[in-house]
Asker: 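For reference, the structure I am asking about is given below.
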Amino acid sequence: MCGIVGIIGNNHVASTIYECLTILQHRGQDAAGIATCQDGRLELVKNNGLVSDVFKSESAQILKGNAGIGHVRYPTAGSSNYEESQPFYVNSPFGIALAHNGNLHNAEQLKKELFAEDRRHINTHSDSEVLLNVFAHELQNASGLMITPEAVFHAVSRVHKRCQGAYANVLIIPGYGIVAFRDPNGIRPLVYGVRKSAEGDEYMVASESIALDLHHFELLDDVAPGEAIIITNDRQLHRRQCAENPQLSPCVFEYVYFARPDSMIDDVSVYKARLRMGEKLAERIKERWADEDIDVVIPIPESSRTSAIPMAYSLGVKFREGFIKNRYIGRTFIMPGQEQRIKSVRRKLNAVELEFRNKNVLLIDDSIVRGTTSRQIIQMAREAGAKKVFFASAAPPVRYPNVYGIDMPVAEELIAHNRTEEEIGELLGADGLIYQTLEDLEAACMEGNPKIDRFDSSCFSNEYVTNVPKEYFAKIGAMRSDDAKQ
């Protein structure tokens, strides 16, 4: 999972891209990069670390130009090499830089084709570099001495035929403009908007609408599944559907955890979707735990708070903030390696003892993945004096790997894999455990946009919206397990 942004503006855009990346920082904390273009020349600054660490005052002297793209990286492969940071650049044809969010599950086959047939060399282990070279090769075949919208759209259509998996991309081509496109299933989010100005319209493409809000860009639309948009340097906007059979299948985990609640994704308010998750889960709790005397509902900061408020209201019990978060510690779920996650939980959260002492508490989290964090939080609640600790998950049990850009690669590392709800509750040390049903979760998200008739819910259902070969699961398990990350 990564965050991407692209802008064509009236003045130098590097500072605007920087601010957009800071607001998308929750989507990736491993590396960051910005590429800008002035007078046909691309300048690139990228490195490992947070946005505020990568870009210094001298970066502003390098990153000139009124067009640029930016990226924050989340490493699904557990690699923190500088070479894996984005944007990636290729010099032929014309020079192209790319920022990518997602994951290709046929990257190895594509890499072989690129070398043997297309005569292109891939220098990193990143599927993003593979995707960039596929696009570059197809654009070279489709264009002559000049780039045209027709050539770009043809290249994107060829990417859709060759690349399998999830991808939302923004590219910059010196002297031409920016290109953005989304895979035919629309798994990863991508939106675009405009800011009207007397000097000329300015355009932005981003992973989440909050990036547009920050700088008063009007949200025009989501990039549709399979669609490509081109914004040329003279501010001409071109759109075309480039896939044969697109079907909107957004990742439901965006609404559960990854996206900020103030974002709109595929015309669904993340905030309202999470409110509905809490309401639906409250109905299950009333059925299952009608005899339990729950004193207080306490969210596990931050993403479960929105679901916890309507849950407490529906149950008729108090809502309290029982954990205080150190905001300078990163999100534990995206840390590569179990040992780092274990160390970080108590550094990140501290219990407010008064809210737990002699009470039956209901803790709610957005989801339970490996169970490491949940187990420690339940223990913290007991140490703070709770009589009973019940635990609710706003998402269903995560039982299967995710192959579309989220770090859930090894089924055996998921606490719910091959376990019943009762067995999971015992492992976590809870007095009771309840999960959202997949039906209720999808209904909570679909209610915002009736045009969505399916999600990618593969980590819950084991049903993948693309044709993923069985051998791929064994491969990513070997590459991305916690043992491999060590």
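Values below: all heavy atoms of this structure, side chains included; hydrogens, waters and symmetry mates excluded. Numbers here are sequence positions counted from 1.
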Asker: Here's a test for you: under salt bridge (Lys or Arg N to Asp or Glu O under 4.0 Å), which of R182, R239, R240 qualifies with E227?
Answerer: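 Running salt bridge (Lys or Arg N to Asp or Glu O under 4.0 Å) over R182, R239, R240 with E227 returns exactly one hit, R239.
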
Asker: Nearest 0.5 Å, what's the CZ-CZ distance between R120 and F115?
Answerer: 13.5 Å

Asker: Looking at Y271 versus Y255, is the centre-to-centre ring distance below 6.0 Å?
Answerer: no

Asker: Nearest 0.5 Å, please: how far is CD in Q436 from OG in S393?
Answerer: 8.0 Å

Asker: Mind jotting down which residue pairs meet the salt bridge (charged side-chain N to carboxylate O under 4.0 Å, His left out) criterion with at least one end in residues 461-474? Sequence neighbours excluded, please.
Answerer: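 The answer is none; no pair qualifies.
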
Asker: Sort out for me which residue in R260, R188, R27 forms a salt bridge (Lys or Arg N to Asp or Glu O under 4.0 Å) with E208.
Answerer: R27

Asker: Please, which pairs that meet salt bridge (charged side-chain N to carboxylate O under 4.0 Å, His left out) have at least one residue in residues 45-59, sequence neighbours excluded?
Answerer: none

Asker: Might you point out which heavy atoms bring H154 and A142 nearest each other, and give the distance in Å?
Answerer: CD2-CB, 3.5 Å

Asker: Hey, what do you get for SG (C251) to CZ (F258), rounding to the nearest 0.5 Å?
Answerer: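 Between C251 SG and F258 CZ, I get 8.0 Å after rounding to 0.5 Å.
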
Asker: Would you say the side chain of R454 lies within less than 4.5 Å of the side chain of V465, judging by non-hydrogen atoms?
Answerer: yes

Asker: Please assess S128 against L98 for the test side-chain contact (heavy atoms from CB on, under 4.5 Å), listing each intermediate value before the final yes or no.
Answerer: CA-CA 8 Å; S128 304; L98 166 140; 4.3 Å; yes

Asker: Tell me if the NE2 atom of H125 is crowded by more than 12 foreign heavy atoms within 6.0 Å.
Answerer: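 Result for NE2/H125: open.
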
Asker: Assess the residue pair K111 and E113 against the criterion (salt bridge (Lys or Arg N to Asp or Glu O under 4.0 Å)); give the C-alpha distance rounded to whole Å, side-chain angles, the decisive distance to 0.1 Å, and a yes or no.
Answerer: CA-CA 5 Å; K111 189 181 294 187; E113 293 175 7; over 6 Å; no

Asker: Does the pair I368 and Y435 meet the rule for a side-chain contact (heavy atoms from CB on, under 4.5 Å), with working shown?
Answerer: CA-CA 9 Å; I368 306 169; Y435 282 98; 3.8 Å; yes

